[in-house]
Amino acid sequence: MTVEERTTLVEMRNISVAFGGVHAVKNVSIDLYAGEVVGLVGGNGAGKSTLMRVLSGAHPADTGEILITGDPVTIRSPRDAKAYNIETIYQTLALADNIDAPGNLFLGRERTGRTGGLDDSSMEAETRKIMGRLNPNFTRFKLPVKSLSGGQRQAVAIARAVYFNARILIMDEPTAALGPAETAQVRNLVRQLKEDGIGIFLISHDIHDVFDLSDRISVMYHGEIVDTVKKDDVTADDVLGMIILGKKPDEVTEKDRAAIELRG
Amino acid sequence: MSNEADTAPVSGQAQTEPPARTSVRALFAQTEIDLRLFGMLLALAAILLVFHIWSGGKLVRPVNMITMGVQASGIAIIATGMVLVIVSRNIDLSVGSLVGLIAMSYALLMTDWFPRVFGIPPDAPFQWVLALAIGIGIGAFFGAIQGFIIAYIGVPSFIVTLGGLFSIRGLVWFQSQGAGVTGIDPTFQLIGGGALGSAGETITWGLGLLGCIAVVALLYNSRRQRRRYGFPTRPMWAEVVLVAAGCVASLGVAWFANQSFWPKGLADQYAADHGITPPPGGLQIATGIPFPILLLLGVTLVMTWLATRRRFGRYVYAYGGNPDAAELAGINTRFTILKTYVVMGILCALAAAIATARLNGATLDIGTGYELYVIAAAVIGGTSFAGGIGTIPGAVVGAFVMQAIQYGLAFNNVNSAGQNVVLGLVLIVAVGFDTLNRRHGS
Ligand SMILES: Nc1ncnc2c1ncn2[C@@H]1O[C@H](COP(=O)(O)OP(=O)(O)O)[C@@H](O)[C@H]1O
Ligand SMILES: [Mg+2]
């Protein structure tokens, strides 16, 4: 396990992304080891989703490079990313609302019979299996996912990422739509996947989620990484301070501290 | 982990099924019949009934219904493709012009180009196959060009196909230098239906029987699949109802079609040619199902299969439901869109064959206005411009609803202006009904 943990799964070096004049991601470097959870935090619009969309192949980087297990790779499309076993749970879930759960789970990777026809029964069976693990109360396998609750839709999106043997998993706000019980389920899932040696980038608004699950935490502020810290070296307040002020704990002045106090 | 997973489907079974309710909706849920399609078939029956009564009981006769069906077949064939185009958030306004171009091509091929350019004699057998193949090629070609500009260059489909509507219609004039063309291959003419262009009594019965067998086979296969994976299956009574309904429908249509007979002149001619002494009142030869309706039937089956059983169809619907999701799933969305237009081109070639065959040639304005009827048929059939929603059988029934209204009104001596007023209102009412229904449902 210790040897495995030292395998660098992902290295993103000097990544920049701009939307017109908006520099969403500025010269960011971040890495991820096998069996590790890296929490990615930051205020709204800090650039977390954009950075991860680069790794998912959803959006090209303007500059920078990506290495997977040490080898430079080009990821131009979601298909490329999936070929490297990078799976993503998007913040928007990216579900086709008019299609049922099995259809969404296997979207783009359908199972087919000998003549190339969709094998819906086998896809439904597989979906029932994995949903039985992730969300045992899930029964609406034949309905368009539009008619599902937020939690169930999230479960479908999670199932899709987990089903295809991810090696690198990106979870962008995976618990945003979930109640306490379902959130606990997702936490257990993250721990289990980590045990299996999967590397996980976890974006979350919930600082407790992040503290609970992450090994390291990267804080983004206005498109830049403020710092990447080992969870055990910092407190939740330190991280909160970095998120709000965009400064490392030892750079924070008395004045900054007073400002935070004032804000509550 | 795998043990746990293997038992999972069982846990998703019977006990989680909704409790049996006796409401109509629940009954339909159990048979898994498309409620909307069923409602539309009822509406179609009601429309025919109203016009039937209005006409003093003269409208709903085999001969009339067959004529109506043949008239609807071209629009219905193209409408099956329009469903895919609209589902994937596009539109195709060029279908009428493309039908015109291909129809003129068929006519010119068989009257002029084959004998003059290719050296094929005018009475050569199988020239209809060659003509059809070339027509399909032309359709696919123009579909591919428009699809490419829409999908890969990113020009809105409304603009591209509006341009297509103008310029392709213009090409028709250049093809024939502004003249109409008549006198095509007699075998090709059979594609248009009529007494000779029909399957005849025996084959029609055979097809009815085949339909019955197909229903049983499909249901049995689906039930076996679901059994195999331990999914909940339909209750037995529902299966029996479905088999009965399917068989009554397919054998009923066969019987009905066989109640239509050759016109007296043709039958007498046949009797004379074959040395038969006709009984008093003349020889009664059943026409059975006309070929254009058979073609429509085949197209409906193939298109439904494409839409529901193939990756292509799945991607079309996924793109329509959420283009970003389709993109992020790694689907080649551009190629998918391009293919919908190629399919449209091919369907236009089939519809053009029916039109050319019925006219025994081509005029300059053949197919004009098709785009409006086709779009209306798809929309009346439940296709939504919001994307992602629509069914092939729905569009076919939509085309029949429109034709029934037109034919029924014409039968009762309402002129085409009056027909248009009613058609327009029906279109609005149908979509309004859908809108309310969806708002209610969600
Ligand atoms: N597709 C886009 N087009 C234009 N601007 C975008 C786009 N996506 C993100 N942005 C901008 O980039 C910045 C970072 O956004 P995002 O990565 O979503 O932040 P986060 O996920 O940290 O909340 C924001 O200012 C946002 O408005
Ligand atoms: Mg985000």
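Note that the structure is predicted; figures quoted are calculated from it, not measured. Residue numbering restarts at 1 for every chain, and letters A, B, ... go by the order of the sequence lines. These values consider heavy atoms only, across backbone and side chains, with no hydrogens, waters or symmetry-generated copies.
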Checklist entry - Looking only at side chains, do B:Tyr229 and A:Glu126 share a donor and an acceptor under 3.5 Å apart? => result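 Distance-only check fails for B:Tyr229 and A:Glu126.
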Item to check | A:Asp120 vs B:Arg314, salt bridge (Lys or Arg N to Asp or Glu O under 4.0 Å): CA-CA, chis, key distance, verdict | outcome: CA-CA 11 Å; A:Asp120 279 326; B:Arg314 178 67 48 89; 3.1 Å; yes
Quick check on the interface: out of [options], who has the most heavy-atom pairs with chain B under 4.5 Å?
options	value
A:Leu118, A:Thr92, A:Asp80	A:Leu118
A:Pro144, A:Gly113, A:Gly108	A:Gly108
A:Thr88, A:Asp97, A:Ile99, A:Asn137	A:Ile99

Checklist entry - Which one, B:Glu327, B:Arg311, B:Arg228, B:Gln225, leads in non-hydrogen pairs under 4.5 Å with chain A? => result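 That would be B:Arg311.
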Next on the checklist: Checking A:Lys142 now: which residues fulfil salt bridge (Lys or Arg N to Asp or Glu O under 4.0 Å) with it, not counting sequence neighbours?
Outcome noted: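 For A:Lys142, the residues satisfying salt bridge (Lys or Arg N to Asp or Glu O under 4.0 Å) (neighbours in sequence not counted) are A:Glu124.
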Next on the checklist: A:Leu95 vs B:Asn322, test: side-chain contact (heavy atoms from CB on, under 4.5 Å). Steps then yes/no.
Outcome noted: CA-CA 7 Å; A:Leu95 298 174; B:Asn322 186 347; 5.7 Å; no
Look only at the side chain of [X] and the backbone of [Y], and say whether a donor-acceptor pair between them is shorter than 3.5 Å.
X	Y	value
B:Arg309	A:Gly117	no
A:Lys82	B:Ala329	yes
A:Asn98	B:Tyr317	yes

Item to check | Distance, nearest 0.5 Å, that separates CZ of A:Arg160 from CG of B:Leu328 | outcome: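 If I round to the nearest 0.5 Å, the distance is 8.0 Å.
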Checklist entry - To the nearest 0.5 Å, what is the distance between CZ (A:Arg79) and CD1 (B:Ile331)? => result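 With rounding to 0.5 Å, CZ (A:Arg79) is 8.0 Å from CD1 (B:Ile331).
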Checklist entry - By a 4.5 Å heavy-atom criterion (distance strictly below it), what part of B:Ser222 contacts chain A: side chain, backbone, both, or neither? => result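 For B:Ser222, no heavy atom lies under 4.5 Å from chain A.
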Checklist entry - By a 4.5 Å heavy-atom criterion (distance strictly below it), what part of A:Ser121 contacts chain B: side chain, backbone, both, or neither? => result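 Contact with chain B: backbone and side chain both.
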Checklist entry - At a heavy-atom separation under 4.5 Å, does A:Ser122 approach chain B through its side chain, its backbone, both, or neither? => result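 For A:Ser122, heavy atoms of backbone and side chain both lie under 4.5 Å from chain B.
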For [X], I'd like to know if atom [atom1] has over 12 heavy atoms of other residues, nucleotides or ligands within 6.0 Å.
X	atom1	answer
B:Phe433	CZ	no
B:Tyr152	OH	yes
A:Phe164	CZ	yes
A:Phe201	CZ	yes

Item to check | Within 45° cone of B:Phe231 ring axis and under 6.0 Å: A:Arg128 NZ or CZ | outcome: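 The answer is yes; both the distance and angle limits are met.
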Checklist entry - At their closest point, which heavy atom of A:Ala96 faces which heavy atom of B:Ala325, and how far apart are they? => result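 Nearest heavy atoms, A:Ala96 then B:Ala325: N-CB, 4.0 Å.
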